[in-house]
Amino acid sequence: MSALIVYFSRRHQNYVNGVIRDLKVGNTEVAAQTIQKLTGAKLFQIEPLQEYSKDYNECIAQAQADQRRNARPELKKYPQDMEQYDTIYLGYPNYWSTMPMAVFTFLEHYDLSGKRICPFCTHEGSGMGSSEADIRKVCPGAVVEKGLAIHGAYVEMAEPEIEKWLDLLTKKEETGC
């Protein structure tokens with residue numbers, strides 16, 4: 001069995017506990033790196049060809065416009081040989097109750113039937129939103145596990161929470177329930 005951690009993350013200006021802060025590493029990337037540390041899985045970052053602005057408010061306007069038009073932004077690259085992976089840890093920030101549109105682009109690029117998708121998201125109070133249901137719609141043949149919502153402001157301290165989630169996923173896989 002082989003796993004891949006696929007994530008979309010945003011550094012630069014971010015909304016953190018009610019304040020705009022400049023992040024050198026995005027919250028979702030921090031969570032993805034923690035999952036890599038705990039699982040040994042490979043990392044792949046989803047990067048749109050046209051990056052969002054470093055300015056938080058401009059980024060918000062761009063991302064909302066993408067969502068309103070149901071855009072599928074072109075990505076810089078895709079992982080090679082997705083067939084080798086049976087588990088995909090899929091990470092993203094919660095953008096208005098779902099995933100950033102670049103994550104939809106990634107998911108729709110592949111037939112993920114038979115794959116196990118384990119979603120995790122970072123947020124500032126909105127949890128998973130509708131993202132798990134949205135993944136099920138886009139990937140009807142995949143098994144979409146219960147996701148993990150991590151409060152972005154506390155992602156640096158989330159390793160125990162992530163480890164507990166990974167343990168539950170492992171037990172579910174081993175027992176089949």
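Just so it is clear, the model here is predicted, and its values are computed rather than measured.
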Holding to side-chain hydrogen bond (donor to acceptor under 3.5 Å, both in side chains), I want the full list of residues that pass it with S9, two or more places apart in sequence or in another chain.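 S9: no side-chain hydrogen bond (donor to acceptor under 3.5 Å, both in side chains) contacts found.
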Just to verify, what does Y56 make a side-chain hydrogen bond (donor to acceptor under 3.5 Å, both in side chains) with, not counting sequence neighbours?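 For Y56 there are no side-chain hydrogen bond (donor to acceptor under 3.5 Å, both in side chains) partners, ignoring immediate neighbours.
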Would [X] end up clustered with [Y] when hydrophobic side chains under 4.5 Å apart are linked, directly or stepwise?
X: V103; Y: F120; result: no
X: V6; Y: W165; result: no
X: L148; Y: L107; result: no
X: L38; Y: L4; result: no
X: L112; Y: V138; result: yes

Which residue pairs satisfy the side-chain hydrogen bond (donor to acceptor under 3.5 Å, both in side chains) criterion with at least one member in residues 155-164, sequence neighbours excluded?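 Residue pairs passing side-chain hydrogen bond (donor to acceptor under 3.5 Å, both in side chains), neighbours aside: K37-E159.
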Just grab all the salt bridge (charged side-chain N to carboxylate O under 4.0 Å, His left out) pairs involving [range], residues at least two apart or on different chains.
range: residues 99-114; value: R72-E108
range: residues 135-153; value: R116-E145, D134-K137, E145-K172
range: residues 2-23; value: R11-E29

Under a 4.5 Å cut-off applied to non-hydrogen side-chain atoms, are [X] and [Y] in contact?
X: M101; Y: Q67; value: yes
X: V144; Y: P119; value: yes
X: S126; Y: S97; value: no
X: L23; Y: V30; value: no

Sequence neighbours left out, what passes salt bridge (Lys or Arg N to Asp or Glu O under 4.0 Å) with R68? Give chain and number order.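 Testing R68 for salt bridge (Lys or Arg N to Asp or Glu O under 4.0 Å), a comparison that skips the adjacent residues, returns none.
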By salt bridge (Lys or Arg N to Asp or Glu O under 4.0 Å) - contacts of K77 (at least two apart):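 K77: salt bridge (Lys or Arg N to Asp or Glu O under 4.0 Å) contacts with E47.
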From [atom1] ([X]) to [atom2] ([Y]), nearest 0.5 Å:
X: L75; Y: T105; atom1: CG; atom2: OG1; answer: 5.0 Å
X: C139; Y: L90; atom1: SG; atom2: CG; answer: 8.0 Å
X: N27; Y: N94; atom1: CG; atom2: CG; answer: 12.5 Å
X: T87; Y: L169; atom1: OG1; atom2: CG; answer: 8.5 Å
X: T28; Y: I5; atom1: OG1; atom2: CD1; answer: 13.0 Å
X: I150; Y: I162; atom1: CD1; atom2: CD1; answer: 4.0 Å

Just by modelled atom types, is the [Y] backbone N or O under 3.5 Å from a matching donor or acceptor in the [X] side chain?
X: E132; Y: G147; result: yes
X: Q62; Y: S53; result: yes
X: S130; Y: T98; result: no
X: E124; Y: V16; result: no
X: D66; Y: A71; result: no
X: S131; Y: M99; result: no
X: D86; Y: K115; result: no

Which heavy atom in A3 sits nearest to a heavy atom in A41, and how many Å separate them?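 So the minimum-distance heavy-atom pair works out to O-CB, 3.5 Å.
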Summary of ring pair (Phe, Tyr, Trp, His ring centres under 6.0 Å) pairs that have at least one residue in residues 78-97, sequence neighbours excluded: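 For residues 78-97: Y78-H109.
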Of all pairs that satisfy ring pair (Phe, Tyr, Trp, His ring centres under 6.0 Å), the ones with a partner from residues 7-44, not counting sequence neighbours: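 Not a single pair qualifies under ring pair (Phe, Tyr, Trp, His ring centres under 6.0 Å).
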Qualifying residues under ring pair (Phe, Tyr, Trp, His ring centres under 6.0 Å), relative to H151, sequence neighbours excluded: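 For H151 the ring pair (Phe, Tyr, Trp, His ring centres under 6.0 Å) partners, ignoring immediate neighbours, are H123, Y154.
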Can you sort out the partners of F106 under ring pair (Phe, Tyr, Trp, His ring centres under 6.0 Å), two or more places apart, ordered by chain and number?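 Ring pair (Phe, Tyr, Trp, His ring centres under 6.0 Å) check on F106 returns Y110.
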Can you establish whether the number of heavy atoms outside K42 located under 6.0 Å from its atom NZ is more than 12?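 No, not enclosed.
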Determine, stepwise, if the pair Q45 / K76 fulfils side chain to side chain contact (heavy atoms under 4.5 Å, CB included). CA-CA 10 Å; Q45 183 173 6; K76 289 182 180 178; over 6 Å; no
